[in-house]
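A short worksheet on the structure shown next.
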Amino acid sequence: MKITFLGTGGAVATEERDNTSLLVAQGKFLALVDCPGGVVQKIKKAGYLPQNLQAILVTHVHPDHIYGLPSLIHSLMLEDMTLELYGSSASILFCQKLLDLFQLRENKIKCRVRFKELEPAEVVWLTPELSLTSMSMNHHPSSVSFFLAINQEKKIAYSGDTPPDENFFQRVKGCDCVIHDCSAPSRFFELYPQLRMMHTDALTLGRLAEKAEIKRLIPCHFFGEVQFSLTEIIEEIRAFYHRELFVPEDFSSVCI
Ligand SMILES: [Zn+2]
Ligand SMILES: [Zn+2]
């Protein structure tokens with residue numbers, strides 16, 4: 001499986017980093033995880049074709065994770081294809097309303113979206129080898145994290161936006177790869193304590209990831225509204241976490 005980071009930033013984009021979204025490719029299967037702006041161009045830049053997308057996984061419906069959905073479907077309006085959209089019931093309802101605002105569920109739109117609400121313990125088979133499960137998260141009423149497993153062996157998790165969550169880290173104990181909210185170094189969370197309810201700082205992430213024995217940690221969703229260097233992020237994570245660490249740039253990819 002190859003995961004490409006179409007964006008690695010938080011809600012405020014920078015010159016280098018746009019809003020976080022991921023592309024998951026396994027054989028012919030192609031899924032987009034969250035849908036901020038410009039994904040058609042980004043998917044092409046990453047070497048894939050938007051018309052080969054089969055699924056969209058929505059972590060939650062904050063604008064930086066979903067505002068590009070109408071544009072994606074509009075750009076696929078001549079393609080006779082079906083996209084499965086997975087998310088919480090709140091995300092599904094929101095996405096339906098968002099598409100209806102632009103009349104993007106009418107017959108003239110050849111690209112159909114099939115909505116699949118994820119139940120907490122439900123296992124969805126995306127391909128014969130690739131399974132998807134989800135877990136509710138506290139960041140937003142629509143929030144879920146995603147757990148992918150290849151042949152029930154290799155396990156990959158994506159937290160979406162989240163405050164530090166002990167339940168999530170219990171669930172991912174020993175996981176091969178965890179992609180996690182790492183919005184800023186801890187000093188910003190001391191300056192703005194309300195951030196602790198919504199996001200995770202680098203120091204806490206390193207501590208929880210080490211405790212959960214995660215084999216490979218990928219921090220992302222870096223804030224663009226405050227100034228810090230990646231060195232600061234890495235040093236804070238490394239204060240506790242001593243296993244494999246990959247800090248992605250936009251268009252970085254990892255093979256799992
Ligand atoms: Zn976000
Ligand atoms: Zn959010």
Side-chain angles (χ1 to χ4, degrees), residues 3-24 31-39 42-43 56-72 85-95 97-98 118 134-147 156-165 167-169 172 178-186 188-189 191-202 204-205 208-209 217-228 230 233 237 247-252:
I3 296 178
T4 305
F5 291 81
L6 300 183
T8 54
V12 178
T14 67
E15 272 180 48
E16 294 84 25
R17 296 181 189 276
D18 199 3
N19 309 140
T20 294
S21 66
L22 321 173
L23 204 53
V24 175
L32 179 67
V33 184
D34 285 343
C35 192
V39 290
K42 290 174 190 170
I43 291 168
I56 304 175
L57 281 56
V58 178
T59 60
H60 67 298
V61 292
H62 275 153
D64 55 320
H65 295 261
I66 201 64
Y67 81 96
L69 183 67
S71 175
L72 172 64
L85 188 147
Y86 298 94
S88 65
S89 57
S91 287
I92 301 272
L93 196 62
F94 184 95
C95 291
K97 285 183 185 167
L98 188 58
L118 292 165
S134 67
M135 180 176 133
S136 290
M137 302 298 278
N138 292 324
H139 172 79
H140 182 266
S142 66
S143 284
V144 292
S145 52
F146 291 121
F147 307 91
I156 304 110
Y158 175 43
S159 69
D161 291 7
T162 184
D165 186 327
N167 291 335
F168 175 83
F169 279 95
V172 297
V178 171
I179 302 164
H180 200 285
D181 181 329
C182 181
S183 289
S186 56
F188 292 104
F189 286 65
L191 273 178
Y192 310 105
Q194 66 275 24
L195 285 176
R196 293 187 199 285
M197 307 294 290
M198 300 289 283
H199 294 288
T200 305
D201 68 84
T204 306
L205 176 60
L208 292 171
L217 177 64
I218 305 182
C220 72
H221 197 271
F222 304 112
F223 282 164
E225 58 270 61
V226 287
Q227 288 286 314
F228 57 86
L230 277 188
I233 290 280
I237 292 173
V247 183
E249 313 268 325
D250 286 20
F251 298 106
S252 291

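We count ligands from 1, going down the list as the structure has it; atoms in each ligand are counted the same way. All residue numbers in this chain count up from 1 along the given sequence.
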ask   = Distance below 2.8 Å from the Zn ion (ligand 2): how many protein N/O/S atoms qualify?
value = 4
key: Q194 atom CD, over 12 foreign heavy atoms within 6.0 Å   = yes
ask   = Do any N or O atoms from the side chain of S142 and from the backbone of V61 form a donor-acceptor pair under 3.5 angstrom?
value = yes
ask   = Going by atom types only, do H140 and D161 share a side-chain donor-acceptor pair under 3.5 Å?
value = no
inquiry  = Regarding D181 and T162, do their side chains bring together a donor and an acceptor under 3.5 Å, going by distance alone?
reply    = no
note = So OG1 of T14 and CZ of F222: to nearest 0.5 Å the spacing works out to 11.0 Å
Candidates F146, Y158, F147 - the one meeting ring-ring contact (aromatic ring centres under 6.0 Å, His included) with F168 = F147
